[in-house]
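Structure first, commentary second.
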Amino acid sequence: MGKRLMKGNEAAVHGALMGGCTHFFGYPITPASEIAQAAAFYFTSAGRVFMQAESEVSVINMLYGAASAGARVMTASSGPGIALMGEGLSYLAGARLPSVVIDMQRAGPGLGNIWPEQSDYNMVIKGGGHGNYSNLVLAPSSAQEMFDFTRKAFTLADQYRMTVFILSDAYIGQMMEPVEISGPVLHGTRKDWAVYGDAASRPNLISSIYMNPPLQRKHNELLQDLYRQLEREQVDYQDIQTEDADLVFIAYGISARICLSTVHALREKGVKVGLMRPKTLFPFPKERIRELAEQGKTLAVVELSSGMMADDVELHVRGRTTVLRYLTMGGETPTVQELIANVERDLMVRSGGLSNV
Amino acid sequence: MSERTEVRFSKAKAFYDTFERKGSGDKVTHYCPGCGHGTIQKLIADCIDELEIQDKTVFLSPVGCSVFSYYYYDTGNIQCSHGRAPAVATGVRRTLPEAVIISYQGDGDLAGIGMTEIVHAANRGENITVIFVNNAIYGMTGGQMAPTTPMGQKTPTSPFGREVLRDGRPMGMAELIASLSAPVYVERCSVATAKDVLKARKVILKSLQNQVDKLGFSFIEILSPCPTNWGMDPVESRVWMQEQLAVLFPLGVYKDVTTHLVAVDPGKFHSPMDDDKLRELLRGASEVPVQRSSPLPHTQLIKVAGFGGQGVLSAGELLATCGMSEGIQVSWLPSYGPEMRGGSANVSVILSEDDIGSPLVDHPNVFIAMNGPSLDAFEDAVAPGGLILVNSAIVTRKVSRTDVRVVYIPATELARQEGLLSAANVVMVTAYLYITKAFSIETLRRCIPLVLRKKAYLNQNLALVEKVLDHCVRTAGSAGSDESDGSAGSENG
């Protein structure tokens with residue numbers, strides 16, 4: 001099958017349709033508007049539902065309603081919009097409703113700007129709203145993965161009855177690359193817990209209230225069990241030339257792409273570096289990080305934030321090795337040359353300088 | 001007559017036999033003595049029975065005193081976040097065309113935090129029924145001031161009385177909703193007296209019948225007593241409702257256009273394409289056939305920059321499409337957002353035999369400058385030994401760098417001669433291919449139709465390619481050869 005040249009944003013909509021999504025509710029925000037625009041065209045053309053809501057608050061509650069009624073639902077937004085959805089995301093988690101949310105990260109805080117950051121990491125990985133809950137978070141780093149991950153997100157959401165986030169960034173969404181629209185068209189099936197407005201589903205209740213604390217505790221424990229199950233079943237990452245590496249980059253999204261170029265450039269210079277790219281940020285590839293730490297490799301977290309993922313990496317490294325932080329904020333991205341200079345400086349310090357400290 | 005009385009005092013089928021909220025086997029609700037919710041909810045249950053819509057009904061419980069409605073209604077139930085039930089109802093409506101959806105909301109929920117959701121759901125004319133229970137305070141949280149609280153009323157958050165300069169005036173929601181064009185039925189009623197209750201039942205029945213008939217959005221406001229938070233006994237509270245609330249919020253029909261309406265087709269949004277048709281839709285016209293000509297000399301890190309409207313992004317798309325068509329790796333990354341609307345645009349394109357890491361081009365080895373400001377912006381970034389192509393029809397200065405190869409092409413002029421005002425991009429791409437031999441010109445000819453938005457201009461564009469090739473040949477020794485002194489290409493455009 002041939003490929004089409006398309007933006008990550010457009011690829012996500014193709015993935016959604018192929019993944020059986022029937023309802024897209026959206027609200028414009030740069031740099032995610034193109035997803036809503038593509039959905040407006042393709043969902044409507046395909047006889048599915050696209051609707052522009054009056055706010056992100058309404059968007060997430062429309063998802064809540066359509067998911068309650070058994071539909072495969074999605075939206076796409078960026079930092080400020082995702083923040084507005086926080087309460088609704090918590091309700092989705094509490095009521096165990098499947099949904100898919102794409103966050104094309106931009107720079108913050110506040111209005112910030114429309115260039116990429118990865119500073120929604122904490123908001124999305126740690127939940128985004130109130131209460132003890134998590135989302136399954138996928139991190140694509142190409143237009144093809146925008147298609148592939150979005151396509152499979154709906155099945156995962158149904159399987160675990162939870163929100164699946166596609167945590168991407170402005171560049172991955174804006175970039176055009178060849179995309180292969182592959183695989184069969186997937187469809188959701190009838191859910192025994194959903195409310196269909198018919199006799200069979202009449203006893204069903206969608207709710208996140210447990211006024212009795214022991215029941216709320218049980219519900220919370222069930223959610224935590226679910227998240228542990230995710231860690232057993234869904235951790236995904238890509239290793240690139242890590243085996244003999246002295247230093248391993250850890251990065252996702254656009255940062256991983258820049259790291260890949262840096263790995264190639266440094267390898268040409270004979271510097272042994274590699275890349276471990278998490279494809280799932282929750283569940284996080286903590287075992288893999290522990291292994292890399294135990295092998296004594298220096299880890300360098302490259303991200304467009306104040307070090308949000310680096311904190312998680314250090315949590316699992318537990319002091320076993322050095323964790324370097326190559327951080328960029330504000331909508332800028334590091335150049336390959338900058339990363340090369342960082343690595344050369346830090347590896348030299350570590351091999352030559354540290355013993356004297 | 002006796003039969004009617006019997007029905008009225010029996011338990012509605014739409015209610016569960018027992019209410020488990022306060023314990024197994026319980027038959028009382030959680031509502032306070034004298035509260036209006038119990039009365040109103042019983043009326044709704046009766047109407048569900050009468051219309052025989054129990055299986056089809058989806059009841060939305062809000063946040064407020066009626067949060068536990070799902071303990072009473074033996075229907076599909078969804079509990080919603082504070083104020084958002086109309087948005088949830090919209091989601092359900094767009095999924096279940098045949099369901100009967102009841103959004104049951106209090107005044108804090110609907111007129112306070114949920115004002116946006118109710119106004120927009122009403123304005124869209126969602127085919128739902130909203131039961132708005134107005135007791136002029138926040139009941140569940142302890143009687144605080146609501147948007148509907150009368151002037152001067154003392155509540156825990158207005159201990160000295162509602163005051164206009166601080167708190168504004170009470171809002172009439174029936175009046176507000178009726179001012180929109182889409183709602184089909186808006187009425188305010190009350191449960192203060194037995195007569196009011198009988199009237200309210202008729203109103204609720206009509207609002208549900210409207211929905212069954214798919215007529216559109218019905219909004220029923222019901223004035224309801226809250227003796228507990230008003231600090232009155234149930235009888236006092238009903239007197240106060242008649243003397244105060246019903247004066248502030250007059251009862252009656254605010255809008256009713258149901259008599260001259262026809263049903264809305266709910267199938268409009270629910271006719272999904274079959275899988276084969278969907279694949280066809282997604283495949284589109286722009287799938288790129290792969291046909292390999294010759295290997296790429298080296299990775300091309302290309303930057304194209306110019307005014308918005310010069311086809312900068314399309315030039316990049318054409319280059320990337322040529323690359324795809326040759327089966328190599330490509331990436332295309334634009335400047336975007338306000339930049340695109342502000343006048344200048346640039347795009348990074350990478351063409352490579354290997355997997356592409358970063359799609360960002362910091363130091364291009366090919367730079368196509370469509371205008372002067374772009375040349376100023378990126379000239380210094382070009383990698384030593386790189387190629388700069390200058391649109392000399394617009395750029396008046398020469399390139400100052402001496403460590404790069406420079407070719408001047410009067411692109412805008414050549415395009416204009418062919419009758420194309422915005423095809424300077426095609427000129428530059430053609431010249432780039434002629435000079436670098438990155439791909440065959442045949443590949444370019446194959447890819448132009450895939451990228452061109454205005455298909456009517458296809459032949460002119462293809463003719464333009466030939467014209468540019470002619471131009472390059474005529475100025476050979478310049479365009480076609482190594483020139484680093486800035487004098488290559490055509491003479492100053």
Side-chain angles (χ1 to χ4, degrees), chain A residues 2-5 14 17-18 22-23 25 30-31 42 45-49 51 53-55 57-58 61-66 68-71 87-88 91 114 171 174-178 181 185 195-199 201-202 204-209 257-262 264 333 335-337, chain B residues 54-58 61 67 70 74-81 84 87-96 98-100 116-117 120 269-273 275 278-279 281-284 286-290 317 320-321 324 330-334 336-338 354-360 362:
Chain A
K3 294 182 178 185
R4 284 183 60 193
L5 184 67
H14 284 62
L17 289 166
M18 295 288 285
T22 54
H23 289 67
F25 298 97
T30 308
Y42 284 108
S45 301
R48 303 193 191 184
V49 176
M51 229 192 102
E54 56 271 19
S55 71
V57 174
S58 291
N61 283 284
M62 288 175 185
L63 256 63
Y64 184 95
S68 295
E87 185 204 29
Y91 268 72
I114 57 173
Y171 278 163
Q174 296 293 324
M175 178 172 53
M176 278 207 284
E177 289 185 305
I181 309 297
V185 181
V195 172
Y196 289 99
D198 61 16
S201 68
R202 205 177 85 199
N204 290 346
L205 163 67
I206 306 296
S207 170
S208 58
I209 309 179
R257 296 291 296 261
I258 299 170
C259 285
L260 180 61
S261 289
T262 311
H264 290 156
T333 42
T335 64
V336 172
Q337 288 75 8
Chain B
Q54 184 178 7
D55 286 341
K56 291 166 73 177
T57 296
V58 177
S61 303
V67 64
Y70 56 80
D74 183 4
T75 61
N77 280 289
I78 300 174
Q79 198 285 317
C80 308
S81 63
R84 316 303 176 205
V88 176
T90 302
V92 178
R93 176 83 291 153
R94 303 306 167 108
T95 311
L96 307 176
E98 299 301 328
V100 174
T116 305
E117 286 74 14
H120 284 275
F269 297 108
H270 300 270
S271 48
M273 237 175 209
D275 291 0
L278 177 69
R279 289 177 155 284
L281 171 73
L282 297 186
R283 199 174 293 129
S286 53
E287 192 170 294
V288 179
V290 173
E317 196 178 342
T321 304
M324 267 185 82
V330 305
S331 70
W332 174 101
L333 182 69
Y336 61 92
D354 304 316
D355 283 348
I356 295 169
S358 174
L360 295 146
D362 302 311

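In the text below, chain A, chain B and the rest are named by the order of the sequence lines, each starting its count at 1. Please read all numbers here as calculations on a predicted model, not as lab measurements. These numbers come from the heavy atoms of this one structure, side chains and all, not from hydrogens, waters or symmetry mates.
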**Complete:** Residues passing the salt bridge (charged side-chain N to carboxylate O under 4.0 Å, His left out) test with A:E87, sequence neighbours excluded, are none
**Request:** Report the distance from atom CG of B:L333 to atom OG of B:S358, rounding to the nearest 0.5 Å.
**Result:** 8.0 Å
**Euclidean distance, B:T116 OG1 relative to B:R84 CZ, rounded to 0.5 Å** = 7.0 Å
**Message:** Contact between A:S58 and B:H120 at the side-chain level, heavy atoms closer than 4.5 Å - yes or no?
**Reply:** no
**Message:** Using heavy-atom distances under 4.5 Å, tell me whether B:L360 contacts chain A through its side chain, its backbone, both, or neither.
**Reply:** side chain
**Message:** Shorter than 4.5 Å, heavy atoms on both sides: which option in A:T333, A:I209, A:V336 has the most such pairs with chain B?
**Reply:** A:I209
**Fill in**
Of A:C259, A:A199, A:S68, A:G70, the largest count of non-hydrogen pairs under 4.5 angstrom with chain B goes to A:A199
**OG1-CG distance between B:T90 and A:L63, expressed to the nearest 0.5 angstrom** = 12.5 Å
**Message:** Under 4.5 Å from any heavy atom of chain A, what part of B:V330 do you find: side chain, backbone, both or neither?
**Reply:** both
**Request:** Would you mind checking which part of A:T262 comes under 4.5 Å of any heavy atom in chain B, side chain (CB onward), backbone (N, CA, C, O), both or neither?
**Result:** neither
**Complete:** Nearest heavy-atom contact between B:Q79 and B:Y70 is CG-CE2, 3.9 Å
**Message:** Let me confirm one number: the CE-CD distance from A:M62 to B:E117, rounded to the nearest 0.5 Å.
**Reply:** 8.0 Å
**Prompt:** Got a second to check how far B:L282's CG is from B:M273's CE, nearest 0.5 Å?
**Reply:** 8.5 Å
**Partner residues of A:D198 under the salt bridge (charged side-chain N to carboxylate O under 4.0 Å, His left out) criterion, sequence neighbours left out** = A:R190
**Fill in**
CG (B:L96) and OG (A:S201) are apart, to the nearest 0.5 Å, by 8.0 Å
**Fill in**
Okay, B:D275 and chain A: the region with an atom under 4.5 Å from a heavy atom over there is both
**Options B:V88, B:D355, B:T57, B:V67, ranked by heavy-atom pairs under 4.5 Å with chain A, top entry** = B:V88
**Fill in**
chain B shares the most heavy-atom pairs under 4.5 Å, among A:T22, A:L260, A:V195, with A:V195
**Prompt:** At a heavy-atom separation under 4.5 Å, does A:Y196 approach chain B through its side chain, its backbone, both, or neither?
**Reply:** both
**Item:** Choice from A:E54, A:M51, A:R257, A:R202 maximising heavy atom contacts with chain B below 4.5 Å
**Value:** A:R202
**Request:** Find the one option among A:M18, A:H14, A:E177, A:H264 whose heavy-atom pairs under 4.5 Å with chain B are most numerous.
**Result:** A:H14
**Request:** For chain B, find which of A:N204, A:N61, A:V185, A:T335 contributes the most heavy-atom pairs closer than 4.5 angstrom.
**Result:** A:N61
**Contact leader toward chain A among B:G76, B:S61, B:A99, B:A89, where contacts are heavy-atom pairs under 4.5 Å** = B:G76
**Item:** Per-residue contact mode, A:Y42 against chain B (heavy atom under 4.5 angstrom)
**Value:** both
**Asked** So what's closer than 4.5 Å to chain A heavy atoms on B:L278: side chain, backbone, both or neither?
**Response** side chain
